[in-house]
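Shown next, in structure tokens, is the structure this report addresses.
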Protein chains: 2
Amino acid sequence: MATSCFAERLAKQVPLSDAEKRALIRLEENPRKVKRGGMIQRVNDTVTELFVLREGRVMSFVILPDGSRQILRVYFPGDFIGSASTIYSKAPESLVALSDVIVCPFDKHALRRLLEESPRVAALLFLLSNAERVAMTDRLAALGRTSAKARVAAFLLDMFDRLRVTDDSIVDSFDLKLTQEEIGDSIGLTSVHVNRMIRQMELEGLISRSNGRITLNDMARLEEIGHYTNRLKDMDLDWLPVS
Amino acid sequence: MATSCFAERLAKQVPLSDAEKRALIRLEENPRKVKRGGMIQRVNDTVTELFVLREGRVMSFVILPDGSRQILRVYFPGDFIGSASTIYSKAPESLVALSDVIVCPFDKHALRRLLEESPRVAALLFLLSNAERVAMTDRLAALGRTSAKARVAAFLLDMFDRLRVTDDSIVDSFDLKLTQEEIGDSIGLTSVHVNRMIRQMELEGLISRSNGRITLNDMARLEEIGHYTNRLKDMDLDWLPVS
DNA sequence: CGAGCGGTTGATGCGGATCAAGGAGAGTGG
DNA sequence: CCACTCTCCTTGATCCGCATCAACCGCTCG
């Protein structure tokens, strides 16, 4: 039977009927491989597609006129990408594969069908995009009002918690798979300063590293430094009626 | 007949059937007045309500442990507020009235009914919240990667364009109705530095001011300085079928 | 074996924070 | 009608966190 990475992920948070699972599987019926570094969507291109990320990592970003880059979000397997194209016909952001990936594109008109056939699933997509909005506001507050060290701590914790949603084997460490420059572009710092912060946190024993793998040694302290709260813990998807 | 501020606003961008208008009117059937400075929602409170803002201005914000504030968004009449409570049972952000306002709260369960009875309207809400997400990413890029002057310019242009959606009388000026401290808290600066940037832009003739009213004298140049693009112009809501 | 990328570290500079003081206007109470 | 207060704006002086510039190292890959 066909599988749906997205359904699996949703099912961890809310029960799904078989019909709903089938509807989700249909969204992923056109898997496409993209090599590391490959462009999935270019800013200002005309787009009508959204994606489910099945495997690997993807980032969305914009490039400013002076050449600097702001990474808007890093996506993990099971994430739902590119919802902006439901409302803008020109992509407001670029999408690039951070590793070899499998993405499943589907046309925005498929959402329409989903809305008619599985309104509850459509509603779940709505809720998830609200969760993403809240994640954005958290980072907004971090960039606007917190120190470099706080941002790095919050970034690591966020990545850790999001990876753990789909990967039960994660206990206290994870593969970064991002350069320090990419981290900097996510949280509004230079790679040089990201490096200094990471080295400092390593010296203080908060984290440790071995070839790209980060271990979080003192999560309580990291949460305090980063003013971090795990939003994934208190999501409430249950109020949607089983229809 | 009852009116819906929200329906009026949506109708500017996409045709609505009478049934759909009625559904929107029902969302606004419990208007509530709140005085300037009044708290509409407190962070961490248990909430199940969303709001349509009918009159006045509202801000959403968070306070960090060190007491500093990040304003997440300023809302104008016709805006749809608090979608985070669809997914979190505890409010992730506070809502305060920036002026005397009229808000129309409705329970999140009303969304469910909306989904069943007017799926197209439910879809429109989804699209609008995606637009808000994109607005967030624009500000994220501003905070992460642009100068103080660029942020102020982009902030003014954004306010201008958003106010113009519902107020046709606006040509090149608008009432700020925000203190410089509030602007700073929106774009990650101190009030002192906001003041310096505004005064500088005034000296350069880019803007002018008279008791709280801002006039944009050179929009092209302001857009260049702020790396600003008006997202409201190329929204595409028409692909949703008339059902 | 050379080239390129990513990480590391030091030196220096600058944009915006912080601290401080004063001014204008609006509201308030005597 | 006038002190008084409070909020917000304005401006100068100083400070500091992070950017910038630069050099070098180790690794991987062609």
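- Listed by chain and residue number, R57(A), V101(A) satisfy the side-chain contact (heavy atoms from CB on, under 4.5 Å) test with S99(A) (two or more places apart in sequence, or in another chain).
- Taking the screw axis at each terminus of the helix from dC1(C)-dG30(D) to dG30(C)-dC1(D) from five consecutive base pairs, the angle between the two is 40° to within rounding of 10 degrees.
- A heavy atom closer than 4.0 Å to some atom of DNA chain D occurs in A148(A), these being the qualifying members of residues 148-157 of chain A.
- Of the residues in residues 176-189 of chain B, those with a non-hydrogen atom less than 4.0 angstrom from any atom of DNA chain C are G188(B), L189(B).
- For residues 27-86 of chain A, every residue pair satisfying the ring pair (Phe, Tyr, Trp, His ring centres under 6.0 Å) rule, not counting sequence neighbours, is listed here: F6(A)-F80(A).
- For D66(A), there are no salt bridge (charged side-chain N to carboxylate O under 4.0 Å, His left out) partners two or more places apart in sequence or in a different chain.
- Within the 4.0 Å cut-off from OP1 or OP2 of dG16(C), not a single side-chain nitrogen or oxygen of T190(B) is found.
- In this structure, the CE atom of M197(B) is 15 Å from the C1' atom of dC9(D), given to the nearest Å.
- Of the residues in residues 200-211 of chain B, those lying under 4.0 Å from DNA chain D by heavy-atom distance are R209(B).
- Sequence neighbours left out, the pairs with a member in residues 39-52 of chain B that pass side chain to side chain donor-acceptor pair (under 3.5 Å) are T48(B)-D107(B).
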Can you name the atoms? Protein N/O to nucleotides 11-15 of chain D N/O, anything below 3.5 Å, with the distance.
from: dT11(D); atom 1: OP1; to: R199(B); atom 2: NH1; distance (Å): 2.8
from: dT11(D); atom 1: OP2; to: R199(B); atom 2: NH1; distance (Å): 2.8
from: dG12(D); atom 1: N7; to: R196(B); atom 2: NH1; distance (Å): 3.2
from: dG12(D); atom 1: O6; to: R196(B); atom 2: NH2; distance (Å): 3.3
from: dA13(D); atom 1: N6; to: R196(B); atom 2: NH2; distance (Å): 2.9

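- Taking atom CZ on R145(B) and atom P on dT20(D), their separation rounds to 8 Å, with Å as the unit.
- Under the rule for a salt bridge (charged side-chain N to carboxylate O under 4.0 Å, His left out), the partners of D175(B) that lie at least two apart in sequence or sit in another chain are R213(B).
- Within the structure, the salt bridge (Lys or Arg N to Asp or Glu O under 4.0 Å) test picks out the following pairs touching residues 75-86 of chain B (sequence neighbours left out): R9(B)-D79(B), D79(B)-R162(B).
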Set out, line by line, the N/O atom pairs under 3.5 Å between protein and nucleotides 24-27 of chain D.
none

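- In this structure, S147(B) reaches the sugar-phosphate backbone alone: every heavy-atom distance under 4.0 Å involves primed, P, OP1 or OP2 atoms, never a base.
- Of the N and O atoms on the side chains of S191(B) and Q180(B), not one donor lies less than 3.5 Å from an acceptor on the other residue.
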